[in-house]
Amino acid sequence: MQRVEHHASFGGRQEVWQHASATLGCDMKLGVYLPPAALAGERCPVLYWLSGLTCTEQNFITKAGAQPHAARHGLIVVAPDTSPRDPERTLGVADDDAYDLGQGAGFYVNATEPPWAAHYRMQDYVAEELPALVERSFGAGAQRGICGHSMGGHGALVTALRHPGRYRSVSAFAPIVAPSQVPWGRKAFGAYLGADAQAWKEWDAVELLRDARERLPLLVDQGADDEFLASQLRPELLRSACEAAGHPLQLRMQPGYDHSYYFVASFLADHFAHHAAALRG
């Protein structure tokens, strides 16, 4: 672990760390906000944030305004990169010229198809390697929540659904709720997971809700003026799946809001309160 940035922020400290990931076979960066309580030695709960397409660890920590909320609630916030990276092109990490495949577009799945399978195991990284690293390195407690935006919203929902008992809270902003039914997901899943659409269901929140063994309440905010609403996000499919499964869902359509971090920042306080109630309640 090597610290590459640190900044005082709202009584705590915003840091960026780099480490060698055994799961992904490359170096990874992650943003870590340590609230005042953590700096004072308290074992604080951790909220994991998963970002969307094209993002790195920087987008959330610089645009969302999360630090005052994390400081107030006493939550460590961890924001990893969205995919394996190979900036020097020496590790053989596969990539694609398109923005929605390859580096910057890991989709939080464990790829099974070449050339992606060698490095693209973001699910194992987020759910296994990263929490172990954070809890060992930052004195964090074992109480975990998970949240994300767009592709990261998909990642947050799927990760919580695939690992019952591991997280105490989950929420999402404009998530891709049914990737096996929309262009972004079909393209990524076809590349990473192969042509068998049945295998895609293991990475689709709408499909996973059918047999969910846990009933963590879902908080989802969606901008009503989001340019991707009808073609890629399809929140009505999540509502229908939750109704059919009897799964608690608060889906809030926000008039006038788009897909940007202006939207995320506008409602982030509510999401922190949602997570804090579960993690510190």
Side-chain angles (χ1 to χ4, degrees), residues 1-10 12-36 38-39 43-67 70-71 75-96 99 101-111 115-142 144-152 155-156 159 192 261:
M1 288 279 284
Q2 176 187 2
R3 191 173 69 176
V4 295
E5 284 186 43
H6 61 102
H7 312 279
S9 181
F10 293 92
R13 195 162 60 230
Q14 178 64 62
E15 303 181 339
V16 176
W17 289 79
Q18 181 173 297
H19 75 105
S21 168
T23 301
L24 303 178
C26 66
D27 284 350
M28 290 291 285
K29 287 183 177 178
L30 56 144
V32 179
Y33 180 74
L34 300 172
L39 296 183
R43 295 182 66 84
C44 295
V46 183
L47 178 60
Y48 291 89
W49 171 271
L50 305 183
S51 293
L53 287 167
T54 76
C55 290
T56 69
E57 81 291 340
Q58 289 290 327
N59 296 72
F60 179 71
I61 67 175
T62 59
K63 294 181 177 182
Q67 291 84 358
L75 301 180
I76 296 172
V77 181
V78 175
D81 201 348
T82 54
S83 77
R85 298 280 180 178
D86 187 8
E88 303 299 326
R89 300 183 181 275
T90 59
L91 301 173
V93 177
D95 200 7
D96 191 272
Y99 77 95
L101 190 67
Q103 295 182 40
F107 268 84
Y108 304 102
V109 303
N110 289 335
W116 312 102
H119 294 277
Y120 283 74
R121 302 191 61 81
M122 284 299 293
Q123 179 66 191
D124 283 352
Y125 177 71
V126 166
E128 303 281 354
E129 184 178 10
L130 189 59
L133 179 71
V134 167
E135 289 162 26
R136 181 174 67 248
S137 302
F138 299 103
R144 310 177 194 101
I146 191 164
C147 184
H149 172 229
S150 194
M151 178 186 73
T159 303
Y192 298 148
Y261 266 93

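Position 1 is the first residue of the sequence, and the numbers go up from there.
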Sequence neighbours excluded and cut-off under 3.5 Å, please list the side-chain donor-acceptor pairs for residues 44-54, or say none.
unit_1, atom_1, unit_2, atom_2, d
Trp49, NE1, Ser51, OG, 3.0

Qualifying residues under side chain to side chain contact (heavy atoms under 4.5 Å, CB included), relative to Ala71, sequence neighbours excluded: Phe10, Tyr33, Pro36
- request: Taking all heavy atoms of Ala105 and all of Leu101, pick out the closest pair and write down the distance.
  value: CB-N, 3.5 Å
query: Which heavy atom in Val78 sits nearest to a heavy atom in Pro80, and how many Å separate them?
result: O-CD, 3.6 Å
- request: Could you tell me which residues satisfy side chain to side chain donor-acceptor pair (under 3.5 Å) with Thr82, sequence neighbours excluded, listed by chain and number?
  value: none
message: Taking ring pair (Phe, Tyr, Trp, His ring centres under 6.0 Å) as the definition, give me every residue that meets it alongside Phe107, ordered by chain and number, with sequence neighbours left out.
response: His154
- request: List for me each residue that meets side chain to side chain donor-acceptor pair (under 3.5 Å) alongside Asp124, sequence neighbours excluded, and say none if there are none.
  value: Asn110, Arg121
- request: Could you note down all residue pairs passing side-chain hydrogen bond (donor to acceptor under 3.5 Å, both in side chains) where residues 128-139 supplies at least one of them, sequence neighbours left out?
  value: Ser21-Glu129, Thr23-Glu129, Glu128-Arg166, Glu135-Arg144
message: Taking ring pair (Phe, Tyr, Trp, His ring centres under 6.0 Å) as the definition, give me every residue that meets it alongside His19, ordered by chain and number, with sequence neighbours left out.
response: Tyr125
message: Checking side-chain contact (heavy atoms from CB on, under 4.5 Å) between Trp116 and each of Val93, Asp95, Asp96, which is the one that passes?
response: Asp96
- line: Contacts of Ser150 meeting side chain to side chain donor-acceptor pair (under 3.5 Å) (sequence neighbours excluded), chain-then-number -> His259
query: Between His149 and Phe60, does the ring centroid distance fall short of 6.0 Å?
result: no
- prompt: Is there a side-chain contact between Arg85 and Asp27 (heavy atoms, below 4.5 Å)?
  reply: no
query: Rounded to the nearest 0.5 Å, how far does CD of Gln103 lie from SG of Cys26?
result: 8.0 Å
- prompt: When rounded to the nearest 0.5 angstrom, what is the spacing between CD1 in Ile61 and NE2 in His7?
  reply: 7.0 Å
- request: Taking all non-hydrogen atoms of both residues into account, name the closest pair between Ala156 and Cys147 and its distance.
  value: CB-C, 3.7 Å
query: Can you tell me if Tyr192 uses its side chain to pair, donor with acceptor, with the backbone of Gly102 under 3.5 Å?
result: yes
- prompt: Partners of Gln67 by side chain to side chain donor-acceptor pair (under 3.5 Å), sequence neighbours excluded?
  reply: Gln14
field: Backbone N/O of Lys29 and side chain of Asp81: donor-acceptor pair under 3.5 Å
entry: no
field: Partner residues of Arg3 under the side chain to side chain contact (heavy atoms under 4.5 Å, CB included) criterion, sequence neighbours left out
entry: His6, Arg13, Glu15, Trp17
- request: Report the distance from atom CG of Leu130 to atom CG of Leu24, rounding to the nearest 0.5 Å.
  value: 10.0 Å
